[in-house]
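All ligand and atom numbering here is 1-based and tracks the order in the structure. Residue indices begin at 1 and follow the sequence shown.
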Amino acid sequence: MPAEPPIELPGHLFQAYELLATAASAGTPLVPIAGGTDLMVAITGELREPPAAMLDLSRIDALRGIALEQGALVLGARTTYTEIRRSALVREHLPVLVECAATIGAAQIQNRATLGGNVANASPAGDTLPILLATDATVLVGGQRGEREVTASTFFTGYRQTALAPDELILQVRFPLPKGRQVRFRKVGTRRAQAISKVVMALAWRDVGGEGWSDVRLALGSVAPTPIRAAATEAVLEGAHPTPEVADHAAEALANELAPIEDVRSTADYRRTVSARVLHRLLREAGGW
Ligand SMILES: Cc1cc2nc3c(=O)[nH]c(=O)nc-3n(C[C@H](O)[C@H](O)[C@H](O)COP(=O)(O)OP(=O)(O)OC[C@H]3O[C@@H](n4cnc5c(N)ncnc54)[C@H](O)[C@@H]3O)c2cc1C
C-alpha cells in the first residue's frame, strides 16, 4: 500500500505544532497566548505561577474565521468577541453568542480576547462555556499527533482543567445548528458590564410541532468547579411546555439539584436562589406570560 500523503498544514500552524511537541517532550511545555487577557493577569506571579515560556498564536491564520460547515457554525479559536459581535453569520445562526460576547469585559477586552482563550482557560466563570454545553458544541483540537474533536461535555475535566494535551492547540469551536432550536443566555454579576459572573446560564430546547420541548439542555457556570449541565432540571423540562406550573417545578428542581460553590463573589445560597429565579424568568419569557 502506498504511504498516506502527509497532511498539508499551513506554515505557521505546522511550526507551532513542532514547537509545542518539542517543548512538551522536554517536559517544559509552551503556554499558547492568544489575546493574553487571562494570561497577562498572571504574568506578575502574584496570582499564580506565571508561564515560563509562551507561544504566540497571533500569526496563525488557520485559527481564524467564522463559517457555516455541514450544518454547524464554526468559529476559529482566535475569533475575538468583537468579531463575534460584528458577524452577520453568528447573529443569524447563534444570536445568543453575540449577546454573550457583548457582556464580556468592555471594548478593549472584546477587541483582544478570544473564544479559544475562554475555552482553554476553563474558568468556571467563563461566560461562553454554558453556551458550548447547551448547544452540544465540539472543540476541534490539533497537534503533531493529529486532530481530534472533543465534545464540550467531556472537555472540561476539572477546575481549570481540560482535555487538551500540552502539545495541542484549540483550532475551532463547532456549534451544531439543529432545526427549531432556541437558546437563551443570562449572566448575573455585580453590575451589567465589567463583572465576573456570579451565575451564568444557557438554556436550549427544540419545539417542533408544538408537542412540547425536546432536547432540553440547561448549563450553568460559576456554580461549580467546572461549567455544568443540570440533568434533573432538564428532565423536568423535557416534553413540557413553559407554563407557570412547569416554571415553578423546574426552578424548584434546579434549587434542589445545585450544590453551588462559595467564594469571594457569592454565597452558595445566593447562587442557588438566583439560579432558580433566572431559570424561572427565562421560562416565563419563553412562555410569553
Ligand atoms: C478586565 C477583564 C475582564 C474580563 N471579563 C470577562 C468576562 O466578562 N467574561 C469572561 O468569560 N471572561 C472575562 N475575562 C477573561 C478573558 O478575557 C477571557 O477568558 C478571554 O476569552 C480569554 O481569551 P484570550 O484570547 O485573551 O486568552 P489568553 O489569555 O491568551 O489565554 C488564556 C488561556 O487559554 C490558552 N489558550 C488560548 N488560546 C488557545 C488555543 N487556541 N489553544 C490552546 N490554548 C489556548 C492559554 O494558554 C491560556 O491558558 C476578562 C478579563 C479581563 C482582564
Side-chain angles (χ1 to χ4, degrees), residues 12-13 16-17 19-21 23-24 29-44 47-65 75-85 97 99-132 139-143 147-148 150 155-156 159-173 185-202 219-222 226-227 265:
H12 289 127
L13 186 58
Y17 283 171
L19 289 166
L20 285 168
L30 283 173
V31 178
I33 178 165
T37 61
D38 275 315
L39 270 183
M40 295 310 282
V41 175
I43 210 80
T44 60
L47 293 178
R48 51 182 184 266
E49 194 62 27
M54 294 192 272
L55 177 73
D56 177 15
L57 305 182
S58 64
R59 292 176 67 198
I60 307 181
D61 289 339
L63 305 184
R64 303 201 61 223
L75 279 78
R78 273 184 53 211
T79 305
T80 65
Y81 299 115
T82 298
E83 287 168 337
I84 289 173
R85 292 187 70 179
L97 199 58
E99 193 187 329
C100 170
T103 72
I104 294 184
Q108 298 90 330
I109 293 294
Q110 290 172 16
N111 285 341
R112 287 205 62 88
T114 65
L115 178 63
N118 205 231
V119 175
N121 196 51
S123 158
D127 283 326
T128 67
L129 310 186
I131 296 180
L132 265 71
V139 182
L140 181 69
V141 306
E147 290 180 0
R148 61 196 178 100
V150 186
F155 189 79
F156 306 103
Y159 178 70
R160 289 180 177 272
Q161 302 291 316
T162 72
L164 200 65
D167 62 347
E168 288 179 319
L169 290 176
I170 296 179
L171 307 179
Q172 296 176 340
V173 181
F185 169 83
R186 202 55 53 87
K187 163 175 173 172
V188 180
T190 39
R191 50 190 181 184
R192 292 189 66 162
Q194 290 280 31
I196 301 178
S197 296
K198 294 170 179 227
V199 170
V200 51
M201 183 182 291
L220 294 100
S222 280
T226 64
R265 286 197 293 282

**Prompt:** Side chain, backbone, both or neither: which part of Leu57 has a heavy atom under 4.0 Å from ligand 1?
**Reply:** side chain
**Polar atom proximity, Ala77 to ligand 1 (N or O, under 3.5 Å)** = no
**Request:** With heavy atoms under 4.0 Å as the rule, classify the contact between Ala34 and ligand 1 as side chain, backbone, both or neither.
**Result:** both
**Message:** Please work out, at 4.0 Å between heavy atoms, whether the side chain, the backbone, both, or neither of Ala125 comes within that distance of ligand 1.
**Reply:** backbone
**Prompt:** Does a side chain donor of either Asn121 or Ser123 reach within less than 3.5 Å of an acceptor in the other side chain?
**Reply:** no
**Asked** Which bit of Leu164 gets closer than 4.0 Å to ligand 1, counting heavy atoms only: side chain, backbone, both or neither?
**Response** side chain
**Message:** So for ligand 1, is Thr128 a polar contact partner (N or O within less than 3.5 Å, distance only)?
**Reply:** no
**Request:** Before signing off on this row, confirm whether Ile170 and ligand 1 have an N or O atom pair separated by under 3.5 Å.
**Result:** yes
**Prompt:** At under 4.0 Å between heavy atoms, which part of Met54 makes contact with ligand 1: side chain, backbone, both or neither?
**Reply:** neither
**Item:** Side chain, backbone, both or neither: the part of Ile109 lying under 4.0 Å from ligand 1 by heavy atom
**Value:** side chain
**Message:** Can you tell me which portion of Ser197 lies within the under-4.0 Å heavy-atom range of ligand 1? Options are side chain, backbone, both, or neither.
**Reply:** neither
**Item:** Any Pro51 heavy atom less than 4.0 Å from ligand 1
**Value:** no
**Sub-4.0 Å heavy-atom approach of Thr103 to ligand 1** = yes
